[in-house]
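FYI, the numbering just counts along the sequence from 1. Order of listing sets the numbers, starting from 1, for every ligand and every atom in it. This is a predicted model, so every value here is computed, not measured.
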Amino acid sequence: MFRAIATSLALFAATAVATAQSAPVSFDSATKVFRLDGGGSSYVFGVNARGELQQVYWGGRLGATDAFPAARPMPEWASFDSSYTNTPQEYAGWGSGLFMEPALKVTFPDGNRDLVLHYQNHTATAEGFDVVLQDISRPIVVTLHYAMDRESGILARSATIENRGTDPVMVEQAAAASWALPAGQYTLNYLTGRWAGEWTLNQEPVLAGARVIESRRGSTGHQANPWFALQAGEANEDHGEVWFGALAWSGAWRITVERDQLDAVRVTGGFNPFDFGYVLQPGKTLETPVFYGGYSAHGLGGASRLLHHFELAHVLPNPRSTAGANGAPLPRSPKPRPVIYNSWEATEFRVNEAGQMALAEKAAALGIDRFVMDDGWFGQRKDDHAGLGDWYVNQEKFPHGLKPLIDKVHALGMDFGLWVEPEMVNPDSDLYRAHPDWVLNFKGRPESEQRNQLVLNLARQDVHDYILGFLDKLLTENDIAFLKWDYNRNWSEPGWDQLPAAEQKRVYVEFTRNLYGILAELRHRHPKVEIESCSGGGGRVDLGILKYVDEVWPSDNTDPFDRLTQQSGFTYAYTPQVMMAWVTDSPHWMNKRATTLQYRLLSSMQGSLGIGSNIAAWSPDETAVAKRLIAAYKEVQTTIVQGDLYRLLSPLGGSEFSATETVKADKSQGVVFLFIHSTQEGHGFPTLKLKGLDANAEYALTAIEGKARAGTPGTASGAWWMNHGLEMDEGFRGDFQAAAFRLDRK
Ligand code: DGJ
């Protein structure tokens with residue numbers, strides 16, 4: 001009898017709050033342990049005896065009945081490292097002798113800077129928990145938000161910091177979350193770069209000390225991207241445990257990976273504390289960005305596949321995600337991107353009505369879906385010295401406005417897209433002459449120009465209203481399906497001198513919030529309009545902006561060979577669905593490398609395809625090749641951009657060959673791309689063992705471009721393609737060669 005009561009009490013205590021849609025989440029009130037399960041992972045944290053919220057477990061999914069004892073703080077180490085610093089807190093205030101990266105650091109008006117956060121209470125939400133912490137004596141309250149994705153096991157974490165006191169509090173550092181990993185040896189993977197050289201994958205051991213990945217630039221930046229992956233032991237594409245994360249913030253950010261004096265590894269990320277300062281007035285709150293974290297037992301490839309599916313299902317704007325008319329759920333992935341033509345590399349600033357119409361005719365003949373006019377159509381824009389800020393149509397170039405061009409593009413069966421760079425102004429513009437105070441600057445200090453332009457202070461309400469106003473008017477007055485939203489410099493002199501000195505650093509938060517606000521409002525007012533995030537290439541790609549845009553421009557470097565490594569790096573963090581990839585002219589303007597049109601097309605077909613060449617100069621043969629491959633691409637595009645991506649042979653490290661394969665979620669189709677950099681010593685292309693197919697199903701092999709070895713079966717089992725592999729024709733050798741195949745389940 002007693003035993004039966006005890007059992008039912010325990011069951012009651014471990015109340016599962018899962019619903020049909022939500023991830024299984026539970027809280028054990030006896031041990032004060034929280035647990036969230038999703039996909040192949042479990043995340044567990046608890047309240048320790050001191051009242052701190054402490055991480056207990058993050059890794060492979062545990063048995064449904066497995067239970068944890070209450071969280072136990074780590075012991076003090078000699079007298080130098082306190083238990084407070086050794087204990088992996090979920091969200092540590094800087095205080096009480098913390099030497100690890102704090103999640104939150106504040107200064108109270110009386111000079112007190114000690115902050116120790118203790119658990120108060122929590123509420124269950126549809127996908128997780130909101131857990132409330134408060135300082136041990138001061139009315140600073142932090143609510144930690146946890147939302148677990150049931151399918152991928154990716155956990156979204158963020159914090160709301162609230163001042164419930166009567167005096168303002170200066171927030172000097174605010175992370176979205178801290179993550180703790182089991183003790184061990186790790187390889188850190190992270191992405192860095194520069195303009196036209198983005199998406200370099202770096203792999204290094206996690207040694208003692210802190211590794212900081214950050215942007216101090218006011219926006220995400222080309223230099224580093226807010227993504228990390230920590231792999232147990234050596235980095236491996238297919239095997240091994242990987243813990244990964246990505247920060248959803250397009251302003252200055254920082255991720256700190258630390259291995260402490262006791263070899264414990266923690267990752268903390270959020271607003272970049274460099275030059276940060278947010279005055280939290282009484283009764284006000286500060287919301288941090290979201291930091292997503294996930295776990296895969298299948299190497300870096302497994303981690304990126306989880307992220308891709310999560311982005312498609314839960315991050316990207318998804319007009320089709322609601323239930324259909326009869327209540328049936330619609331496919332959750334956004335639709336594959338239209339194949340676009342963009343005029344930038346063909347015309348640069350020399351756009352006009354006749355020239356764009358001629359390009360549009362050529363584009364339509366290729367099977368292009370969307371014609372995009374790039375920079376140069378507005379104000380007194382002849383080059384990059386003037387015009388930014390003056391968003392009226394240039395009368396010399398378009399004497400009758402944009403309508404004749406847009407009508408022509410529609411008549412040719414395409415929709416129309418337009419380039420804008422809303423947050424910028426040239427000093428040579430009517431806007432700057434009227435509002436010189438609208439730019440980021442410190443009074444009396446130089447205004448440093450880059451690309452002859454200054455950054456408007458979008459944190460200001462009047463600037464926000466101006467930008468929203470002109471974009472709304474542009475979209476209302478013209479039938480525009482797509483905006484390429486560019487952003488071509490980083491911040492300097494980030495002052496906001498209309499505010500009291502102590503408040504000016506709010507710019508680091510409000511600028512990005514207003515950007516998101518405008519994007520959200522435009523989408524609301526113009527639901528059919530799609531948007532690309534471009535920042536001189538890949539300078540603003542992150543899970544924050546991806547909530548509001550449909551695609552990104554990964555790099556201004558369109559060299560098809562450089563793109564192989566860039567695209568490979570990009571896909572560690574982001575889905576090929578958003579990865580725009582244009583075919584441009586050969587020899588390439590940057591590297592002077594000559595490549596065939598087939599090679600350029602196949603390189604770009606690994607992402608969302610676009611054409612950026614001067615197609616007016618293409619021969620009939622070139623036009624025919626492009627038309628054929630664009631049509632072939634459209635047949636398999638959904639598999640390429642939304643399937644499971646396997647990097648079969650990495651292009652990194654100067655390799656001779658590379659190959660990717662993407663398999664549709666239901667395993668009905670696979671698409672394989674193969675590239676030769678430069679054949680050496682007569683090497684033939686290695687036999688390519690495919691992955692992810694259904695071993696028991698039969699698949700027909702069809703060449704999109706290139707030839708398999710004579711005698712290759714037209715149809716064979718998934719087991720054959722995965723174990724025996726695909727062999728290439730003997731003639732597949734040389735420099736910058738490419739081939740592609742599709743496999744269709746019979
Ligand atoms: C930078 C972009 O990345 C390019 O594609 C192009 O749009 C130029 N800006 C236009 O100024």
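Among the candidates Trp377, Phe378, Phe482, the single residue satisfying the side-chain contact (heavy atoms from CB on, under 4.5 Å) test with Leu418 is Trp377.
Annotation: cation-pi pair Lys362/Trp618 absent, no NZ/CZ under 6.0 Å from the ring centroid and within 45° of its normal. Remark: Arg563 is positioned above the aromatic ring of Trp553, its terminal NZ or CZ atom under 6.0 angstrom from the ring centre and at most 45 degrees off the axis.
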Could you pull out the N/O contacts under 3.5 angstrom between ligand 1 and the surrounding protein atoms?
from     : atom 1 : to     : atom 2 : distance (Å)
ligand 1 : 3 (O)  : Gly537 : N      : 3.2
ligand 1 : 3 (O)  : Asp556 : OD1    : 2.3
ligand 1 : 3 (O)  : Asp556 : OD2    : 3.2
ligand 1 : 5 (O)  : Lys484 : NZ     : 2.7
ligand 1 : 7 (O)  : Asp374 : OD1    : 2.6
ligand 1 : 7 (O)  : Asp374 : OD2    : 3.3
ligand 1 : 7 (O)  : Trp419 : NE1    : 3.1
ligand 1 : 7 (O)  : Lys484 : NZ     : 3.0
ligand 1 : 7 (O)  : Asp486 : OD2    : 3.3
ligand 1 : 9 (N)  : Asp486 : OD2    : 2.7
ligand 1 : 9 (N)  : Asn488 : ND2    : 3.4
ligand 1 : 11 (O) : Asp375 : OD2    : 2.6
ligand 1 : 11 (O) : Arg451 : NH1    : 3.0
ligand 1 : 11 (O) : Arg451 : NH2    : 3.0

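Other residues, nucleotides and ligands contribute only 12 or fewer heavy atoms inside 6.0 Å of the NZ atom of Lys547.
Looking only at distances, no side-chain donor or acceptor of Thr571 sits under 3.5 Å from a matching main-chain atom of Pro576.
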**Study point:** Intermediate values then yes/no, salt bridge (Lys or Arg N to Asp or Glu O under 4.0 Å), Glu493 and Arg445
**Key:** CA-CA 8 Å; Glu493 301 101 12; Arg445 303 292 300 173; over 6 Å; no

